[in-house]
Amino acid sequence: SKGSIQIRSDEQGTIILLLFPISQEKQANVKPSTQNLFVFDPPDENKQILVVDDNDDVRQVVVSMIQIHGYSVIGATGGQQALQILREKQIDFILSESIMPEINGLQLYERVNKEFPDIPFVIMTGFSSDKDNFHGIPIIKKPISQQMLLEVFKKYLNEQPKSMMV
């Protein structure tokens, strides 16, 4: 105990600090794990990622997870807004929820594929499946982890990870 949480906000965003006291106890044979840790060189700042999800909380969490890694991210509340953004901005990658009102993820993919066939498109879903694609569209399963996002970006944005030793 005796830790604290500090929250700082300004017009550029919010920083949340979790502060923990240093333990004076020695822990025998404890070694930091390096399994499944990746760090990416800073991404090309010109790359824009579009996150489409009708659930505000989920969308904001995913946007924040991506921004932590230095990408420029735009959030869209649904398919119509996503299509409007695609017509107005240069987008390099789309991550879309599968189940949404009006235009679902598959319908959005079909429209994007006709108008913007060179933009990589991945669907996120909470439905359980052992498949890694849906009608040929790559899928990632919720809950989404940082590692999962980094692997997707490595594959579709040609960002190369390097191992990180702690």
Test log, rule side-chain contact (heavy atoms from CB on, under 4.5 Å), inputs Glu102 and Asp54: CA-CA 10 Å; Glu102 297 178 26; Asp54 61 313; over 6 Å; no
So, do [X] and [Y] sit near enough that their side-chain heavy atoms are less than 4.5 Å apart?
X      : Y      : result
Leu149 : His69  : no
Leu108 : Val112 : yes
Ile74  : Ile49  : no

Specify the closest pair of heavy atoms between [X] and [Y], including all atoms of both residues, with the distance to one decimal.
X      : Y      : result
Pro138 : Tyr156 : CG-OH, 3.0 Å
Ile144 : Met65  : O-CE, 3.4 Å
Gly105 : Ser96  : CA-OG, 4.0 Å

Look up atom [atom1] in [X] and atom [atom2] in [Y], then write down how far apart they are to the nearest 0.5 Å.
X      : Y      : atom1 : atom2 : answer
Thr125 : Lys142 : OG1   : NZ    : 7.0 Å
Phe116 : Ile94  : CZ    : CD1   : 8.0 Å
Ile66  : Leu95  : CD1   : CG    : 5.5 Å
Lys141 : Met148 : NZ    : CE    : 8.5 Å
Glu97  : Asp53  : CD    : CG    : 4.5 Å
Tyr71  : Phe93  : OH    : CZ    : 9.5 Å

Can you list, pair by pair, the side-chain donor-acceptor contacts under 3.5 Å of residues 78-92, counting residues two or more places apart and other chains?
{"unit_1": "Gln81", "atom_1": "OE1", "unit_2": "Thr77", "atom_2": "N", "d": "2.6"}
{"unit_1": "Gln81", "atom_1": "OE1", "unit_2": "Thr77", "atom_2": "OG1", "d": "2.8"}
{"unit_1": "Gln84", "atom_1": "NE2", "unit_2": "Glu88", "atom_2": "OE2", "d": "2.5"}
{"unit_1": "Arg87", "atom_1": "NE", "unit_2": "Glu115", "atom_2": "OE1", "d": "3.2"}
{"unit_1": "Arg87", "atom_1": "NH2", "unit_2": "Glu115", "atom_2": "OE2", "d": "2.7"}
{"unit_1": "Asp92", "atom_1": "OD2", "unit_2": "Gln48", "atom_2": "N", "d": "2.7"}

Which residues satisfy the side-chain contact (heavy atoms from CB on, under 4.5 Å) test with Leu106, sequence neighbours excluded?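 Leu106: side-chain contact (heavy atoms from CB on, under 4.5 Å) contacts with Asn104, Glu110, Phe134, His135, Ile137.
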For the backbone of Gly75 and the side chain of Arg59, can you confirm whether one donor and one acceptor N or O come within less than 3.5 Å of each other?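 Pair absent, no side-chain N/O of Arg59 close to backbone of Gly75.
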Would the distance check show the side chain of Lys47 and the main-chain N or O of Ser72 forming a donor-acceptor pair, the cut-off being under 3.5 Å?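 Not a single qualifying donor-acceptor pair exists.
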